[in-house]
2 protein chains.
Amino acid sequence: MPDMPDSHDSAVRRAQDLLFFAYRDFTNAADVLLEELGLGRAHHRALHFIGRRPGMTVTELLGILRITKQSLARVLGDLVTLGHVAQTPGGADRRQRLLRLTPQGAELEQRLFDRQKARLAPAFAQAGPDAFAGFEATMRAIMDPATRDMLDATPETGDRHVG
Amino acid sequence: MPDMPDSHDSAVRRAQDLLFFAYRDFTNAADVLLEELGLGRAHHRALHFIGRRPGMTVTELLGILRITKQSLARVLGDLVTLGHVAQTPGGADRRQRLLRLTPQGAELEQRLFDRQKARLAPAFAQAGPDAFAGFEATMRAIMDPATRDMLDATPETGDRHVG
DNA sequence: GATAATAGGTCAGTATTATTGACTCATCGG
DNA sequence: CCGATGAGTCAATAATACTGACCTATTATC
């Protein structure tokens, strides 16, 4: 009886609300700073993932953001023009343009990160480590298996790209 | 030393990833159906919250979605024209247009809900009840306090708006 | 009862983020 | 050599959002 509400429906509906509001308020945390700089959330997402996986290719970034080449072109062009992102030819495959943050881009990303950290860190401290573990397990279970695999295959260098 | 990376930074960065990917794949679940119907995610969000809080006012919906009147006008106009949403004058305040789903709108919302349920319910079952509790506690802690209060003040009638 | 404030709607113009489709160029791999 | 891939680009369009101004109906206040 797939169309009949069962005892799990209310948990799923509650989760829909949680996902919407937490994501809304989370993304909002960096908006003020972005607006001051004349950048949008798309720029922030690109900065975040390039900082998280320095040396990634354009194709990888397209796959993460799930947008088209044309959409990324504008955002990436802005960031390169502003001196936040540098592109270097790939060593093994010289067609590739490996993406990384410039020192200036890393500093900007850090400032944006601090805004979201100011929201997330107290939340995790308040909820406690067990809650965070449950949060992580649940969020991972929500993802596509392919997304999960990609995350697991990613080395965690993002918190050291400044040094 | 607010600009110095500490031991919590990696957890915050991991959480940024979790929020982005889980939200991306979660919202994606309903996209195929929405495209068939010629509707967008904005329409889905409106349907969801109207179904969740039948009788809500336009101002309340604007506050939840955090968009402007003009942005909502298009979406709400579409839904009313298509017969998915009905507006009735408020009893106490006749300036208000109380929003509710028509039977047809409830049926559409249910179909969209089923897509997301197909993704969320197995995820919660796999993660387990303790993980879900941690997920809920953490997501609530991420929100603005005002958002949390609003959620707590909302009667949970959304899973019964069909009957 | 006049008046201010609110709920909602609407018009005109613009910005951001995204799309599709076609095309070029350089490079890689068999 | 030649097909496939990585990346960039041009042109046109769509979805979602914005600002600012203005209007009506109704409620609340002085």
Side-chain angles (χ1 to χ4, degrees), chain A residues 20 23-24 27-28 30-32 34-50 53 55-82 85-100, chain B residues 20 23-24 27-28 30-50 55-82 85-100:
Chain A
F20 175 79
Y23 192 78
R24 183 196 70 175
T27 54
N28 231 318
D31 280 355
V32 174
L34 286 169
E35 186 160 12
E36 287 174 11
L37 301 162
L39 300 175
R41 287 181 189 169
H43 299 93
H44 186 188
R45 285 196 291 271
L47 281 172
H48 168 77
F49 286 112
I50 294 171
R53 307 180 75 172
M56 80 189 310
T57 68
V58 172
T59 299
E60 284 169 345
L61 184 54
L62 284 174
I64 285 175
L65 298 175
R66 294 252 182 101
I67 59 178
T68 56
K69 230 191 317 183
Q70 287 66 16
S71 284
L72 182 59
R74 174 187 57 92
V75 171
L76 209 49
D78 289 348
L79 294 175
V80 170
T81 300
L82 292 169
V85 169
Q87 294 167 303
T88 56
D93 186 339
R94 282 179 306 177
R95 291 172 303 180
Q96 298 174 336
R97 307 295 168 86
L98 305 186
L99 303 170
R100 65 191 68 253
Chain B
F20 175 79
Y23 193 77
R24 184 197 70 175
T27 54
N28 231 318
D31 279 356
V32 174
L33 181 51
L34 285 170
E35 186 160 11
E36 286 173 13
L37 300 162
L39 300 175
R41 287 181 188 170
H43 298 93
H44 187 189
R45 286 195 290 271
L47 281 173
H48 168 77
F49 286 112
I50 295 171
M56 80 188 311
T57 68
V58 172
T59 299
E60 284 169 344
L61 184 54
L62 285 174
I64 283 176
L65 298 175
R66 293 252 182 103
I67 59 178
T68 56
K69 230 190 321 182
Q70 287 68 17
S71 285
L72 182 59
R74 174 186 58 91
V75 171
L76 208 49
D78 288 348
L79 294 175
V80 169
T81 300
L82 292 170
V85 169
Q87 293 166 304
T88 56
D93 186 339
R94 282 179 307 176
R95 289 172 305 181
Q96 298 174 335
R97 307 294 169 85
L98 304 187
L99 302 171
R100 66 191 68 253

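Computed from heavy atoms alone, side chains included, the values below leave out hydrogens, waters and symmetry copies. Proteins come first, then strands; the chains are lettered A, B, ... in the order of their sequence lines, and each starts at number 1.
- Protein atom CD of A:Glu35 is 12 Å distant from nucleotide atom C1' of D:dT19, rounded to whole Å.
- Look at B:Thr59 and you won't find any side-chain N or O under 4.0 angstrom from OP1 or OP2 of C:dT6.
- What separates CG of B:Asp31 from P of D:dA15 is a distance of 14 Å, to the nearest Å.
- As a whole-Å value, the separation of B:Leu72 CG from D:dT19 P is 15 Å.
- Using a 4.0 Å heavy-atom distance criterion, A:Arg41 is classed as a sugar-phosphate-only contact.
- Taking 4.0 angstrom as the limit, B:Gln87 places a side-chain polar atom (N or O) nearer than this to OP1 or OP2 of C:dG9.
- Looking at heavy-atom distances under 4.0 Å, B:Thr68 makes contact with a base.
- Rounding to whole angstrom units, CG of residue A:Leu98 and C1' of D:dG8 are separated by 16 Å.
- Within the 3.5 Å criterion, the main-chain N or O of B:Ile64 finds a donor-acceptor partner in the side chain of A:Arg24.
- Two residues are said to be in side-chain contact when any heavy atoms from C-beta on lie closer than 4.5 Å; B:Leu33 and B:Glu36 meet this criterion.
- In this structure, A:Leu34 atom CG and D:dA17 atom P are separated by 17 Å, rounded to whole Å.
- Counting non-hydrogen atoms under 4.0 angstrom, B:Ser71 reaches a base of the nucleic acid.
- For the pair B:His43 and B:Arg74, the minimum side-chain heavy-atom distance is below 4.5 Å.
- Here the side chains of B:Asp93 and B:Thr57 are not in contact, with every heavy-atom distance at 4.5 Å or above.
- Comparing C:dA7, D:dT16, C:dT10 by their nearest atom to the side chain of B:His43 picks out D:dT16.
- Contact annotation: side chain of B:Gln70 to base of C:dT10, donor-acceptor pair present below 3.5 Å.
- When distances run from any side-chain atom of A:Ala42 to the nucleotides D:dA17, D:dA7, C:dT17, the shortest one goes to C:dT17.
- Here C:dT20 presents its P atom at 13 Å from NZ of A:Lys69, a figure rounded to the nearest Å.
- Residues B:Ile50 and B:Leu76 have side chains in contact (heavy-atom distance under 4.5 Å, counting atoms from C-beta outward).
- On a pure distance criterion of 3.5 Å, no polar donor-acceptor pair joins the side chain of A:Glu60 and the base of D:dG6.
- As a whole-Å value, the separation of A:Leu76 CG from C:dT17 P is 14 Å.
- By the 4.5 Å heavy-atom criterion applied to side chains, B:Val75 and B:Leu65 are not counted as neighbours.
- If you measure from atom CG of B:Asp78 to atom P of C:dT10, you get 13 Å, rounded to the nearest angstrom.
- Between A:Arg74 and C:dT16 there is no side-chain polar atom (N or O) within less than 4.0 angstrom of OP1 or OP2.
- Nearest nucleotide to the B:Arg45 side chain, out of D:dG8, D:dA17, C:dG8: D:dA17.
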Inset, instruction - Quick one, give me the B/S/- string for nucleotides 24-30 of chain C, reading 5' to 3', where B means a protein heavy atom under 4.0 Å from the base and S means that only happens at the primed atoms, P, OP1 or OP2. - result: --BBS--
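- For the pair B:Arg41 and B:Asp31, the minimum side-chain heavy-atom distance is below 4.5 Å.
- Evaluated for a side-chain contact (heavy atoms from CB on, under 4.5 Å) with A:Leu99, the options A:Val80, A:Val58, A:Leu79 yield exactly one hit, A:Val58.
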